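In this chain, numbering begins with 1 at the start of the sequence shown. Predicted, not measured: the structure shown is a model, and the values here were computed from it. All values below were derived from every heavy atom in this structure, side-chain atoms included, with hydrogens, water molecules and symmetry-related copies excluded.
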Amino acid sequence: MTFTSPQNTDLLLSEAQKEQLYIKLVEQLNKDFALANETIDLPMDTSPIQLKLSIHEKIYSLIQHKFAEYLNLLYIIDVPEKDIKSLDGSDLVELSEQVAFLVLKREWQKVWFRNRY
């Protein structure tokens, strides 16, 4: 079985729930954000909508106020640099939403592989 990356955040979160790995995804996000010293404190029972919003807000805030920490977070989560560079940075709200998706996608990949292998 090969890993297929979901096309958007909603599909990713619904797949995580279907595979019963949603809680593992939340744990992974909490862990990696904490490693980057940017605690996000997502409750285990956080809804997919709330999860999406929390990550989007956190990324938006980091880009605006703590850019070095934002870059460190991307490094720790291991978001591919080429994916970040391909984004259009002209609209900060949209950029942070796209980065939030890349973060979720990478974290989901980690959880998915750990569960399979």
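Side-chain atoms of Ser96 come within 3.5 Å of backbone atoms of Leu92 as a donor-acceptor pair (strictly under, hydrogens ignored).
Between Val99 and Ile84, the closest side-chain pair of non-hydrogen atoms falls below 4.5 Å. A 4.5 Å side-chain heavy-atom check between Pro48 and Lys52 finds every atom pair outside the cut-off. By the 4.5 Å heavy-atom criterion applied to side chains, Tyr75 and Tyr70 are not counted as neighbours. At a threshold of 4.5 Å between non-hydrogen side-chain atoms, the residues Leu71 and Leu62 do not count as touching. Glu94 places none of its side-chain heavy atoms less than 4.5 Å from the side chain of Asp88.
Atom CD of residue Gln28 and atom CG of residue Leu21 lie 11.5 Å apart, to the nearest 0.5 angstrom. One distance of note links CG of Leu51 with CG of Leu25; it measures 6.0 Å at 0.5 Å rounding. Annotation: the span from Lys58 atom NZ to Leu73 atom CG amounts to 8.5 Å, rounded to 0.5 Å. Note that CG of Asn37 is 7.5 Å distant from CD1 of Ile76, once rounded to the nearest 0.5 Å. Of the inter-residue distances, the one linking Ile59 atom CD1 with Gln98 atom CD reads 12.0 Å to the nearest 0.5 angstrom. Taken from OG1 in Thr46 to CG in Leu29, the straight-line distance is 10.0 Å, to the nearest 0.5 Å.
Lys18 has no carboxylate O lying under 4.0 Å from a charged side-chain N of Glu15, or vice versa, which leaves the two without a salt bridge. A salt bridge links Glu38 with Lys66; the closest basic N to acidic carboxylate O contact falls under 4.0 Å. A salt bridge links Arg116 with Glu19: the closest approach of a Lys/Arg side-chain nitrogen to an acidic carboxylate oxygen falls below 4.0 angstrom. A salt bridge links Lys110 and Asp32; the closest N-O separation between the charged side-chain nitrogens and carboxylate oxygens is under 4.0 Å. Look at Asp83 and Arg106 and you find no salt bridge, because none of the NZ, NE, NH1 or NH2 atoms lies under 4.0 Å from a carboxylate O.
Classified by interplanar angle (parallel below 30°, tilted 30° to 60°, perpendicular above 60°), the ring pair Phe3/Trp108 is tilted. Ring geometry for His56 against Tyr60 counts as perpendicular: the plane angle is over 60°, on a 0 to 90° scale with 30° as the lower cut.
Residues Met44 and Ile40 share a single hydrophobic cluster, defined by chaining ILVMFWY side chains whose heavy atoms lie under 4.5 Å apart. In the hydrophobic cluster analysis, where Ile, Leu, Val, Met, Phe, Trp and Tyr join through side-chain heavy atoms closer than 4.5 angstrom, Leu53 is grouped apart from Leu42. Cluster annotation: Leu11 is not connected to Val26 through the hydrophobic network of ILVMFWY side chains, with a link wherever side-chain heavy atoms come within less than 4.5 Å.
Applying the side chain to side chain contact (heavy atoms under 4.5 Å, CB included) criterion to Phe101, with sequence neighbours excluded, gives Thr9, Leu12, Lys105. Scored by the side-chain hydrogen bond (donor to acceptor under 3.5 Å, both in side chains) test, Lys85 finds Glu81 as partners (sequence neighbours excluded).
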Stepwise side chain to side chain donor-acceptor pair (under 3.5 Å) test for Glu57 and Ser61 | CA-CA 6 Å; Glu57 283 169 12; Ser61 166; over 6 Å; no

Please lay out, stage by stage, how Thr39 and Asp41 fare under the test side chain to side chain donor-acceptor pair (under 3.5 Å).
-> CA-CA 6 Å; Thr39 315; Asp41 284 331; 5.6 Å; no

